[in-house]
Amino acid sequence: MVNKEAYNQLLDELKPRGVELVAVSKLKPVEDILALYELGQRDFGENYVQELFDKQARLPADIRWHFIGHLQSNKVKYIAPYVHLIHGVDSLKLLKTIDKEGGKAARVIPVLLQVHIAQEETKFGMNEAELAEAVEEWKQLSHVQVRGLMGMASFSEDPNKVAAEFARLKSLYDNYKEPYAFDTLSMGMSGDYQLAIEKGSNLVRIGSLLFGRRS
Ligand SMILES: *Cc1c(COP(=O)(O)O)cnc(C)c1O
């Protein structure tokens, strides 16, 4: 079930601030995606390659599919022909694989590099040295375009901690923004998007607020 009221409220918050919305539809049926599509939403985010593959085939061709999950190199080929933006590029190896598959698909695939900003070890992402190396190596690649950074804050009750993690990602983003023409900073989910916007996010990835809790 889609919460249309929450969707409209969210757009009222995001639009004046120039923040883009990716509606995270993982584990939700195509009917829910269509319900938001009919309200005008075109950007949707998925976490699992097989699920995205199935949904993409059944849904309108003008949907912009964002891959926001942890992507394994051997699965890039399944999404390379149509994916709009890959958010979670967390290694140089993955970046190079995306470049190779972009070449095969005769396109330049837009991506974001994922930075590890949370305290939890379980979350994915590069450290600052790995980020610097990936950005440097990217210059040699012609079928992948790094558009910016993505990060996930700690799952914490402490807003100061979450705010500090977002602020750190924003400052890294600012370092690269001018020299590398970055334009996308993907941070913020249902529970922390307001804080993320306050700290400079221009793209939020929101699921449960729109589609309800996942089982
Ligand atoms: C699931 C997921 C989201 C959306 O989370 P909600 O809390 O449901 O808004 C955002 N980003 C990533 C990377 C996710 O895996």
Side-chain angles (χ1 to χ4, degrees), residues 1-11 13-14 19-30 32-33 35-36 39 41-53 55 63-72 75-76 79 83-91 94 98 110-126 131 147-159 161-163 165-166 168-170 173 184-215:
M1 269 290 283
V2 167
N3 186 337
K4 295 185 180 178
E5 203 177 313
Y7 178 66
N8 288 323
Q9 270 179 18
L10 192 55
L11 288 187
E13 282 180 77
L14 302 183
V19 177
E20 271 184 73
L21 170 64
V22 171
V24 176
S25 46
K26 63 178 175 221
L27 308 176
K28 295 294 176 182
V30 292
D32 285 4
I33 297 176
L36 268 198
L39 298 180
Q41 181 66 24
R42 290 294 178 273
D43 292 88
F44 290 90
E46 291 283 340
N47 288 55
Y48 309 103
V49 169
Q50 184 64 49
E51 185 180 347
L52 173 53
F53 192 82
K55 285 175 169 172
I63 287 182
R64 295 186 287 265
W65 292 106
H66 296 246
F67 192 84
I68 64 167
H70 181 63
L71 183 58
Q72 289 168 285
K75 296 206 171 144
V76 175
I79 63 171
V83 70
H84 178 70
L85 181 65
I86 300 175
H87 291 230
V89 178
D90 60 356
S91 71
L94 179 58
I98 295 169
V111 304
L112 304 177
L113 301 177
Q114 183 171 0
V115 182
H116 189 271
I117 53 169
Q119 246 161 28
E120 288 122 64
E121 283 298 320
T122 49
K123 294 213 164 101
F124 294 102
M126 301 182 186
L131 174 64
R147 297 280 299 268
L149 304 180
M150 179 268 213
M152 292 170 83
S154 295
F155 188 74
S156 167
E157 294 292 311
D158 178 3
K161 180 176 174 182
V162 173
E165 291 172 358
F166 284 146
R168 187 176 149 238
L169 186 59
K170 172 65 160 65
Y173 174 77
T184 306
L185 178 56
S186 168
M187 58 184 197
M189 324 193 342
S190 292
D192 59 16
Y193 75 92
Q194 282 156 329
L195 216 43
I197 294 169
E198 214 174 278
K199 294 298 168 191
S201 168
N202 63 15
L203 187 162
V204 292
R205 310 173 310 270
I206 296 194
S208 42
L209 194 66
L210 300 171
F211 295 108
R213 287 180 59 175
R214 294 173 292 272
S215 41

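Numbers here simply count residues along the sequence, with the first being 1. When a ligand or atom number is given, it counts from 1 through the structure's own listing order.
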List every atom of ligand 1 that sits less than 4.0 Å from any heavy atom of Arg205, numbering the atoms from 1 in the order shown and giving each element. 4 (C), 9 (O), 10 (C), 11 (N), 12 (C), 13 (C)
Student check: side-chain heavy atoms of Ile79 and Ile86 closer than 4.5 Å: yes
I'd like to know if the side chain of Glu20 reaches the main chain of Thr184, judged simply by a donor and an acceptor atom lying under 3.5 Å from each other, with no hydrogens or angles considered. no
I need the atoms of ligand 1 closer than 4.0 Å to a non-hydrogen atom of Met152, numbered in the order shown. 13 (C)
d(Leu149 CG, Leu203 CG) to nearest 0.5 Å is 12.5 Å
Tell me the protein heavy atom at minimum distance from atom 13 (C) of ligand 1, and give that distance in Å. Ile68 O, 3.5 Å
Atom 5 (O) of ligand 1: the protein heavy-atom neighbour that sits closest, reported with distance to 0.1 Å: Met189 CE, 3.5 Å
Under 3.5 Å, N or O to N or O, is Gly191 touching ligand 1 that way? no
Give the atom numbers and elements of ligand 1 that come within less than 4.0 Å of a heavy atom of Gly207. 4 (C), 6 (P), 8 (O), 9 (O)
To the nearest 0.1 Å, how far is atom 9 (O) of ligand 1 from its closest protein heavy atom, and which atom is that? Ser190 OG, 2.5 Å
Per-atom contacts, ligand 1 versus Ile206 - under 4.0 Å to a heavy atom: 9 (O)
Under 4.0 Å from ligand 1, counting heavy atoms only, is it the side chain of Leu209, its backbone, both or neither? neither
Does a donor on one side chain sit under 3.5 Å from an acceptor on the other, for Gln194 and Glu13? yes
I'd like to check Arg205 versus His66 (side-chain heavy atoms, cut-off strictly below 4.5 Å). Are they in contact? no
Could you tell me which atoms of ligand 1, counted from 1 in the order shown, lie closer than 4.0 angstrom to a heavy atom of Asn47? 14 (C), 15 (O)
So, the side chain of Lys55 versus the backbone of Ser25: is there a donor-acceptor pair under 3.5 Å, distance only? yes
For the residue pair Val24 and Phe211, establish whether any side-chain heavy-atom pair is separated by less than 4.5 Å. no
Measure Arg214 to ligand 1 on non-hydrogen atoms and call it side chain, backbone, both or neither using the 4.0 Å cut-off. side chain
Side chains of Glu46 and Ile33: closer than 4.5 Å at any heavy-atom pair? yes
Does NZ in Lys161 sit with more than 12 non-hydrogen atoms of other residues, nucleotides or ligands closer than 6.0 Å? yes
For Ser208, the atoms of ligand 1 under 4.0 Å from one of its heavy atoms are 6 (P), 7 (O), 8 (O), 9 (O)
Under 4.0 Å from any heavy atom of Lys26, which atoms of ligand 1 are there? 1 (C), 2 (C), 3 (C), 14 (C), 15 (O)
